[in-house]
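Just below is one structure, and these are the notes that go with it.
If you're wondering where the values come from, they're calculated on a predicted model, not measured in any experiment.
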Amino acid sequence: MPIQCDICLKKVATRAHLASHMSVHNLFDCSVCSKIFPTGARLTKHLRTHTGEKPFECTVCSKKFSVGDSLRSHIRTHTGEKPFECTVCNKKFSLSGSLRAHLRTHTGEKPFECTVCNKKFSENSNLLKHLRTHTGKKPFECTVCNNKFSMKGNLRKHLQTHTGETPFECTVCNKKFSVKGNLQRHLQTHTGEAPFECTVCNKKYARSDYLHVHLRTHTGEKPFECTVCNKKFSVRGSLRTHLRTHTGEKSVRCATNYVK
């Protein structure tokens, strides 16, 4: 099978022939890692990965970049420009990479595969997050209590437990929430929306976790096990109630505050 030169696209029969052919090109060798580049300009860009140099500065927010293309892409976050349009649904994006990732929502393509469990993802960033479920790596640490998280978004949510910040407000009753997902679930109490339907009995639920619990009535799954007598339960709350039969603890519910 012919081997192609990455620089001039000429095809040769063997790797030995390719090595001989490469001598016709004036190549640029990185003195740090020995990586080879076809032009001096590309070598210059590469060297910044070693030096940390960032000569391109945003005139709006002073953020710096090592490559001019990265600065130009960043500037669109200030201008709102979105030059990359999806040919399927006409949604627009500021970055070509964002458009490529979006197109996979139409094609269903998932090119990024976990080498541990073979689960596939449409975006490399989602694969990297998933890999932490195998490695246990938690690179995001709370500066207040040192609790660690595998995802930056979870750290942001956690920080609101320290600040008390509740930036998400219901437009119907003005109740506030620290997490957007909690607001979205709350809104369903006003709309009556129940978008999660059981495929077995067609019963509908406002939340996916409620549906997940309900499905156990069909599958018989009981994932919560008592560590004392090994009895199993389909719902965590049932396990907590059961544990009191071992501890003698009594559940107390304030009748004045209970609303059915």
Side-chain angles (χ1 to χ4, degrees), residues 104-105 108-110 112-123 125-140 142 147-161 166 168 170 172-173 175-260:
R104 296 185 195 119
T105 65
E109 182 191 5
K110 294 182 177 182
F112 305 101
E113 184 173 347
C114 174
T115 55
V116 180
C117 67
N118 303 120
K119 189 172 182 179
K120 294 182 178 181
F121 300 86
S122 59
E123 295 184 46
S125 59
N126 290 339
L127 170 60
L128 294 175
K129 291 174 186 175
H130 165 78
L131 283 170
R132 296 184 194 127
T133 65
H134 296 300
T135 63
K137 186 179 178 184
K138 296 182 177 182
F140 305 103
C142 174
N147 206 342
K148 293 182 178 181
F149 300 87
S150 59
M151 290 191 283
K152 187 181 287 186
N154 290 344
L155 171 59
R156 280 197 298 267
K157 292 175 186 177
H158 165 79
L159 283 170
Q160 289 166 351
T161 65
T166 53
F168 304 101
C170 174
V172 180
C173 67
K175 189 173 182 178
K176 294 183 178 182
F177 299 86
S178 59
V179 181
K180 188 176 183 180
N182 291 345
L183 169 60
Q184 289 168 339
R185 285 193 287 268
H186 164 79
L187 283 169
Q188 290 165 351
T189 64
H190 296 298
T191 63
E193 182 187 3
F196 303 100
E197 184 173 348
C198 175
T199 55
V200 180
C201 67
N202 303 119
K203 192 170 182 179
K204 294 182 178 181
Y205 294 88
R207 289 170 49 170
S208 61
D209 53 335
Y210 290 166
L211 172 60
H212 187 68
V213 170
H214 163 78
L215 283 170
R216 295 185 191 129
T217 64
H218 297 297
T219 63
E221 182 191 6
K222 295 182 177 182
F224 305 102
E225 183 173 349
C226 175
T227 55
V228 180
C229 67
N230 303 120
K231 189 172 181 179
K232 294 182 178 181
F233 301 86
S234 60
V235 183
R236 192 188 300 273
S238 298
L239 171 59
R240 281 196 295 265
T241 301
H242 164 79
L243 283 169
R244 298 189 190 110
T245 64
H246 297 297
T247 63
E249 181 188 357
K250 292 184 178 180
S251 176
V252 178
R253 175 181 284 163
C254 178
T256 56
N257 291 335
Y258 175 60
V259 179
K260 188 172 182 179

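- Between atom CG of residue Leu243 and atom OG1 of residue Thr227 there is a gap of 6.0 Å, rounded to the nearest 0.5 Å.
- A donor-acceptor pair under 3.5 Å is absent between the side-chain atoms of Arg216 and the main chain of Glu221, judged by distance alone.
- Interatomic distance, NE2 of His186 versus NZ of Lys176, reported as 13.0 Å (0.5 Å rounding).
- In this structure, NZ on Lys110 lies 12.0 Å from CG on Leu127, to the nearest 0.5 angstrom.
- Between the side chain of Arg132 and the backbone N or O of Lys137 there is no donor-acceptor pair closer than 3.5 Å.
- Here CG of Asp209 is found 9.0 Å from NE2 of His212. Values are rounded to the nearest 0.5 Å.
- Formation of a donor-acceptor pair under 3.5 Å by the Thr241 side chain with backbone atoms of Gly237 is found in this model.
- Remark: side-chain polar atoms of Glu197 are not paired, donor with acceptor, to backbone N or O of Lys204 under 3.5 angstrom.
- Interatomic distance, Phe196 CZ to Leu211 CG, rounded to the nearest 0.5 Å: 8.0 Å.
- With contacts defined as side-chain heavy-atom distances shorter than 4.5 Å, the pair Leu187/Leu183 qualifies.
- Nearest heavy atoms, Leu239 versus Phe224: CD2-CB, 3.8 Å.
- Within 6.0 Å of CZ on Arg236 lie no more than 12 heavy atoms contributed by other residues, nucleotides or ligands.
- Between the CZ atom of Phe168 and the CD atom of Gln184 there is a distance of 9.0 Å, given to the nearest 0.5 Å.
- Between the side chain of Glu113 and the main chain of Lys120, no donor-acceptor pair closer than 3.5 Å is present.
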Begin from the C-alpha positions of Gln160 and Arg156 and carry the test side chain to side chain contact (heavy atoms under 4.5 Å, CB included) through to its verdict. CA-CA 7 Å; Gln160 289 166 351; Arg156 280 197 298 267; 5.9 Å; no
Please step through side chain to side chain contact (heavy atoms under 4.5 Å, CB included) for the pair Cys201 and His218, ending with a clear verdict. CA-CA 9 Å; Cys201 67; His218 297 297; 3.5 Å; yes
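- The two residues His214 and Cys198 make their nearest non-hydrogen contact at NE2-SG, 3.5 Å.
- For the pair Asn154 and Phe149, the tightest heavy-atom approach, listed with the atom from each and the gap, is CB-CD2, 4.0 Å.
- Closest non-hydrogen pair, Met151 versus Phe140, comes out as C-CD1, 3.5 Å.
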